[in-house]
Each structure stands twice: as C-alpha cells, then as structure tokens.
Amino acid sequence: MSKYLLYCRAGYESDLASEIDSKLALLHGYGYAKLVKNSGYLHYTVQSDSGFPRLSDLIFARQKLEIVANVAFDDTLDRITKLIDVLGNQNSMLFGDVMLEYADTESGRTIAKFCKKFTVPLRAALRKNVFLTAKQNNNKPRLHLFFESSDACIVAVSKANDRSDEYLGIRRLKFPQDAPSRSTLKLEEAITFFYTPAQQSLLFKKGMTAVDLGACPGGWTYQLVKRGVKVEAIDNGAIADSLMKTGMVKHFAVDGFVYQPLDGHVDWLVCDMIEKPDKVASLMVNWLKNNWASAAIFNLKLPMKKRFQTVDVLLKQIAEELGGLSAMQIQAKHLYHNRDEVTVSVIKNSSLFDV
Ligand SMILES: C[S@@+](CC[C@H](N)C(=O)[O-])C[C@H]1O[C@@H](n2cnc3c(N)ncnc32)[C@H](O)[C@@H]1O
C-alpha cells in the first residue's frame with residue numbers, strides 16, 4: 001500500500017481525486033482519496049501494486065509526493081532530533097534537497113514564515129547526519145516536509161523525473177511591466193511549463209507567424225512578439241498601442257470563430273476567448289485539421305461541476321479527431337495563473353520533443 005500527497009488549486013480536490021481514480025484504473029490499479037474541500041491538497045492511498053499515474057499525466061495536480069511518515073512534535077523546542085530519528089528509523093536515503101511546504105490557501109500560508117525559518121537549521125542538521133547532499137542536487141530524490149501547523153508534519157519524498165521542481169508546485173512569474181495585461185502570465189506559464197528551453201527555441205523562432213484569437217488587450221500577443229513571432233490579433237476590443245508600434249502585429253476586429261489566416265497557414269494558433277469549451281475545442285481541431293496552424297495553445301473554460309470529466313471527454317475528442325495526424329503531441333494542465341481554465345498544447349510534429 002502506497003500513500004501519496006498531491007497539491008492542487010484549492011477547490012479542485014475532488015476533480016483531482018476523480019482524475020486519479022480514472023488514470024489509476026488505466027494502470028489496472030485502485031485506491032481511494034481522503035480530502036477536505038478547499039484545502040489545496042489530498043491524500044491518496046493506492047491499494048494495488050499498480051504504481052501511480054505520473055505527475056505529467058495529472059492535469060489537476062501541482063505536485064506529487066510519496067508519504068513516508070506522519071510526525072507529531074511533542075517537544076516543539078526540538079523538532080530536529082525527532083525528524084532525524086524518523087529518517088534514521090526509515091534507513092533514509094541521501095536527498096538532493098529539502099523543501100518545507102504548506103497548502104496554498106489563506107490558512108496554509110499562516111505557516112509560511114515558520115517553514116522559511118526552520119529550513120536553515122534543519123538543512124544543516126540533515127547535512128550533518130548525511131541525509132542531504134552538500135550541494136543541491138536536482139537529480140536525486142527530494143525530501144518534503146508538509147506542515148499544517150508547527151507541531152506536526154507529513155514527511156514525503158519526490159522523485160527527480162516525476163515531480164515539479166517549483167516550491168509548492170507553483171511557477172511564480174514576474175509580471176513584465178510593459179505587458180498590456182496580466183493574462184500575459186497565462187501564456188508565459190504555458191510556454192515555460194509545456195516546453196523545455198531547447199524546445200522553446202525550436203518552437204518560437206524569429207520570423208514565425210501566429211494568430212491570436214481573443215487577443216485584446218494583447219497579453220498573449222506580447223509573449224509571441226517578445227519571441228520574434230508576427231501576430232494576426234483577432235478581437236473586437238482595442239489592442240495595446242505599444243504592440244502595434246512594434247510593426248509585428250496586424251489587428252482585425254472580427255469574429256474569432258470565422259477568421260482564417262491571411263496566408264492560409266501560421267506556425268501558431270493561440271486562443272484565449274472565453275467561450276464554451278466544446279466550441280473552442282472544435283475550433284482548434286478545425287484549424288489543425290485544415291493545416292491553418294502547425295501548433296496551438298488554448299484554454300478550455302471549466303464548468304462548475306464534473307470538471308475533470310468535461311476536460312477528459314474534450315481531450316479524448318480532440319485526440320480522436322486529430323488521430324490521422326501522426327506524431328502529434330497533446331498536453332493539458334491546470335496552470336497556476338489560469339484560475340478556472342485548463343490550458344492545452346497541441347503540437348502536430350512531436351519530433352521536436354526529442355530535443
Ligand atoms: C480573456 S480576454 C483575452 C485576454 C488576452 N489573451 C490578453 O492576454 O490580453 C478574452 C477576449 O476574447 C475576446 N472574444 C470573445 N469572443 C470573441 C470572438 N468570438 N471573437 C473574437 N474575440 C472574442 C474578448 O473581446 C476578450 O478581449
């Protein structure tokens with residue numbers, strides 16, 4: 001029996017639980033979730049010896065950790081001795097790093113200061129007891145201590161090839177002051193999450209072309225222009241002057257559901273129109289099938305209920321309808337900067353992912 005701790009956006013615990021049930025069943029496994037609504041995490045016990053879905057296969061999970069122990073600190077003046085004892089009793093391995101974490105909720109964040117302060121002495125003690133490498137090593141398993149209060153924690157481990165390297169599983173991005181809208185962070189997170197730096201430099205090259213559906217005021221167009229991509233920005237709204245001044249953008253105030261690319265094809269289609277998710281999914285499939293675009297990044301707005309099931313059906317439909325295209329790659333994630341939407345990437349030529 002293995003126990004896992006998974007982080008997600010607060011309010012999405014049951015969606016993540018449904019997703020794990022469904023994806024564990026594909027591995028012929030079974031288990032059950034224990035969750036508190038709006039807590040920002042859940043516990044999952046696997047009762048089979050099937051393994052567990054990879055983090056990259058879980059749309060709603062920010063982090064995946066395997067639980068090693070639950071520790072209560074009777075003596076809050078000396079938590080370190082207790083933790084070293086627990087690790088010693090487990091014949092613990094050598095970790096490449098340690099993270100002291102908490103739930104990404106208002107109440108979870110009340111423990112943030114404690115976690116930060118406790119990290120320094122704990123790190124030193126772990127090194128002294130040879131539970132931690134002298135220098136941070138991201139190729140090794142990482143130790144995570146998850147605190148809900150300062151008198152107890154969950155001791156858990158993440159594996160190098162199956163985790164988020166971000167603290168709390170959250171990619172924090174700095175808002176570029178010259179960007180026209182905060183939405184810009186949604187596309188920046190998508191690009192940096194879905195593609196490695198090597199893939200990014202192949203996927204976004206100077207002189208490439210894109211269509212941005214629902215572009216205004218221009219946060220997504222800004223990300224494309226920044227990468228040297230020329231953009232046809234489609235929206236009835238007003239686009240930022242700063243973008244028009246670059247000479248890289250053509251703005252058309254027309255309906256994104258009827259627009260077609262000026263030269264019959266672009267490298268990228270991006271879409272941030274707030275519309276029914278099935279309508280957006282069909283539009284994306286239509287563009288990719290007609291070869292109007294080679295790749296797409298788009299958002300699927302989540303309904304109030306059955307959010308995993310809705311996204312799952314749409315992703316299966318997209319894969320099925322694009323099935324004739326060999327070497328296609330589809331990824332989907334509930335990103336930090338995208339509150340109630342799932343972001344999808346479709347690349348028609350996935351050989352780029354060999355990089
Ligand atoms: C969330 S905003 C996009 C923000 C933009 N991505 C940014 O980063 O600044 C959604 C936009 O979609 C546009 N929109 C909605 N339906 C549309 C349609 N059928 N055709 C074109 N634009 C549409 C709206 O006018 C709105 O500006």
Side-chain angles (χ1 to χ4, degrees), residues 9 171-195 200 203-204 208-262 266-288 290 292-293 295-304 307 310-311 314 331-346:
R9 178 181 290 283
R171 175 152 306 183
R172 298 206 181 265
L173 296 169
K174 201 164 173 272
F175 175 64
Q177 285 310 320
D178 54 341
S181 69
R182 285 204 73 79
S183 286
T184 199
L185 297 179
K186 299 197 276 183
L187 187 59
E188 184 174 356
E189 186 182 2
I191 292 171
T192 56
F193 177 83
F194 288 131
Y195 321 124
Q200 285 170 44
L203 288 166
F204 300 94
M208 280 185 165
T209 52
V211 166
D212 181 357
L213 300 178
C216 290
W220 285 34
T221 292
Y222 170 90
Q223 289 294 331
L224 296 165
V225 166
K226 197 175 100 174
R227 290 169 170 80
V229 178
K230 289 184 262 177
V231 183
E232 293 160 41
I234 313 306
D235 199 311
N236 274 322
I239 190 107
D241 275 348
S242 54
L243 287 172
M244 295 309 293
K245 280 184 190 145
T246 62
M248 303 272 286
V249 181
K250 287 184 176 143
H251 176 212
F252 301 99
V254 294
D255 183 0
F257 283 91
V258 298
Y259 185 78
Q260 291 183 18
L262 285 182
V266 281
D267 297 295
W268 277 98
L269 169 65
V270 299
C271 175
D272 192 23
M273 293 189 289
I274 299 166
E275 253 295 349
K276 289 199 177 108
D278 51 340
K279 238 181 124 181
V280 171
S282 303
L283 183 68
M284 299 299 107
V285 165
N286 196 33
W287 271 70
L288 294 163
N290 284 315
W292 294 341
I297 295 178
F298 54 95
N299 281 332
L300 295 177
K301 179 132 188 64
L302 293 164
M304 295 301 282
R307 295 181 281 208
T310 305
V311 171
L314 288 174
Q331 300 181 79
K333 199 77 185 175
H334 190 204
L335 298 170
Y336 176 71
H337 293 92
N338 239 346
R339 179 161 278 282
D340 293 312
E341 290 158 314
V342 159
T343 308
V344 183
S345 150
V346 183

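Numbering starts at 1 and runs along the sequence shown. For ligands, and for the atoms within them, numbers begin at 1 and follow the listed sequence.
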A.B. asks: Could you measure the distance from the NZ atom of Lys174 to the CD atom of Gln177? Nearest 0.5 Å is fine.
C.D. replies: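 With rounding to 0.5 Å, NZ (Lys174) is 6.5 Å from CD (Gln177).
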A.B. asks: For atom 3 (C) of ligand 1, which protein heavy atom lies nearest, and how many Å away is it?
C.D. replies: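 Checking every protein heavy atom, the shortest distance to atom 3 (C) of ligand 1 gives Gly214 O, 3.2 Å.
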A.B. asks: By the definition side chain to side chain contact (heavy atoms under 4.5 Å, CB included), identify the one residue from Val211, Asp212, Asn299, Val280 that meets it with Cys271.
C.D. replies: Val280
A.B. asks: Please identify which atoms of ligand 1 are closer than 4.0 Å to at least one heavy atom of Trp220.
C.D. replies: 6 (N), 7 (C), 8 (O)
A.B. asks: Among Arg172, Lys186, Glu189, which one satisfies side-chain hydrogen bond (donor to acceptor under 3.5 Å, both in side chains) with Tyr336?
C.D. replies: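 Only match with Tyr336 under side-chain hydrogen bond (donor to acceptor under 3.5 Å, both in side chains): Arg172.
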A.B. asks: Considering non-hydrogen atoms of the protein only, which is the closest contact for atom 10 (C) of ligand 1, and what is the distance?
C.D. replies: Asp272 O, 3.4 Å
A.B. asks: Which bit of Ala215 is near ligand 1, meaning a heavy atom under 4.0 Å away: side chain, backbone, both or neither?
C.D. replies: backbone
A.B. asks: I'd like to know if Asp255 contacts ligand 1, where contact means a heavy-atom distance under 4.0 Å to any ligand atom.
C.D. replies: yes
A.B. asks: For atom 16 (N) of ligand 1, which protein heavy atom lies nearest, and how many Å away is it?
C.D. replies: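 Closest protein heavy atom to atom 16 (N) of ligand 1: Met273 SD, 4.0 Å.
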A.B. asks: Tell me which protein heavy atom sits closest to atom 11 (C) of ligand 1, plus the residue, atom name and distance to 0.1 Å.
C.D. replies: Asp235 OD2, 3.4 Å
A.B. asks: If you count the atoms of ligand 1 from 1 in the order shown, which ones are under 4.0 Å from a heavy atom of Phe257?
C.D. replies: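 Selected atoms, number and element: 19 (N).
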A.B. asks: Has Asp267 got a side-chain atom pairing as donor or acceptor with Thr209's backbone, closer than 3.5 angstrom?
C.D. replies: yes
A.B. asks: Which value, rounded to the nearest 0.5 Å, describes the distance between Met208 atom CE and Leu203 atom CG?
C.D. replies: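 It comes to 7.0 Å.
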A.B. asks: Does His337 reach the main-chain N or O of Arg182 with its side chain, forming a donor-acceptor pair under 3.5 Å?
C.D. replies: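 It does not hold such a pair.
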A.B. asks: Measure the CG-CH2 distance between Leu187 and Trp268 for me, rounded to the nearest 0.5 Å.
C.D. replies: 8.5 Å
A.B. asks: For Ser181, take its heavy atoms, then give the atoms of ligand 1 lying under 4.0 Å from any of them.
C.D. replies: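 In order of numbering, the contacting atoms are 7 (C), 8 (O), 9 (O).
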A.B. asks: I need the contact type for Asp212 against ligand 1. Using non-hydrogen atoms and a strict under-4.0 Å cut-off, is it side chain, backbone, both or neither?
C.D. replies: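 For Asp212, no heavy atom sits under 4.0 Å from ligand 1.
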A.B. asks: Of all the atoms in ligand 1, which lie at a distance below 4.0 Å from a heavy atom belonging to Val254?
C.D. replies: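 Those atoms are 20 (N), 21 (C).
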A.B. asks: Heavy-atom contacts with Gly219 under 4.0 Å: which atoms of ligand 1 show up? List them by number with element.
C.D. replies: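 In order of numbering, the contacting atoms are 7 (C), 8 (O), 9 (O).
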A.B. asks: Under 3.5 Å, N or O to N or O, is Gly256 touching ligand 1 that way?
C.D. replies: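 Yes - when backbone and side-chain N and O of Gly256 are compared with those of ligand 1, one distance drops under 3.5 Å.
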A.B. asks: Check the angle between the aromatic planes of Phe204 and Tyr195 and answer parallel, tilted or perpendicular using the 30° and 60° thresholds.
C.D. replies: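 It falls in the tilted class, 30° to 60°.
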A.B. asks: Is the side chain of Ser345 donor-acceptor paired with the backbone N or O of Ile297 at a distance under 3.5 Å, no angle test?
C.D. replies: no
A.B. asks: Donor-acceptor pair, distance only, cut-off 3.5 Å: does the side chain of His334 make one with the backbone of Arg339?
C.D. replies: yes
A.B. asks: Any nitrogen or oxygen of Ile274 lying under 3.5 Å from a nitrogen or oxygen in ligand 1? Just yes or no.
C.D. replies: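 So ligand 1 has no N or O lying under 3.5 Å from an N or O of Ile274.
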A.B. asks: Provide the number and element of each atom of ligand 1 under 4.0 Å from a heavy atom of Gly218.
C.D. replies: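 Going through ligand 1 atom by atom, the ones under 4.0 Å from Gly218 are 7 (C), 9 (O).
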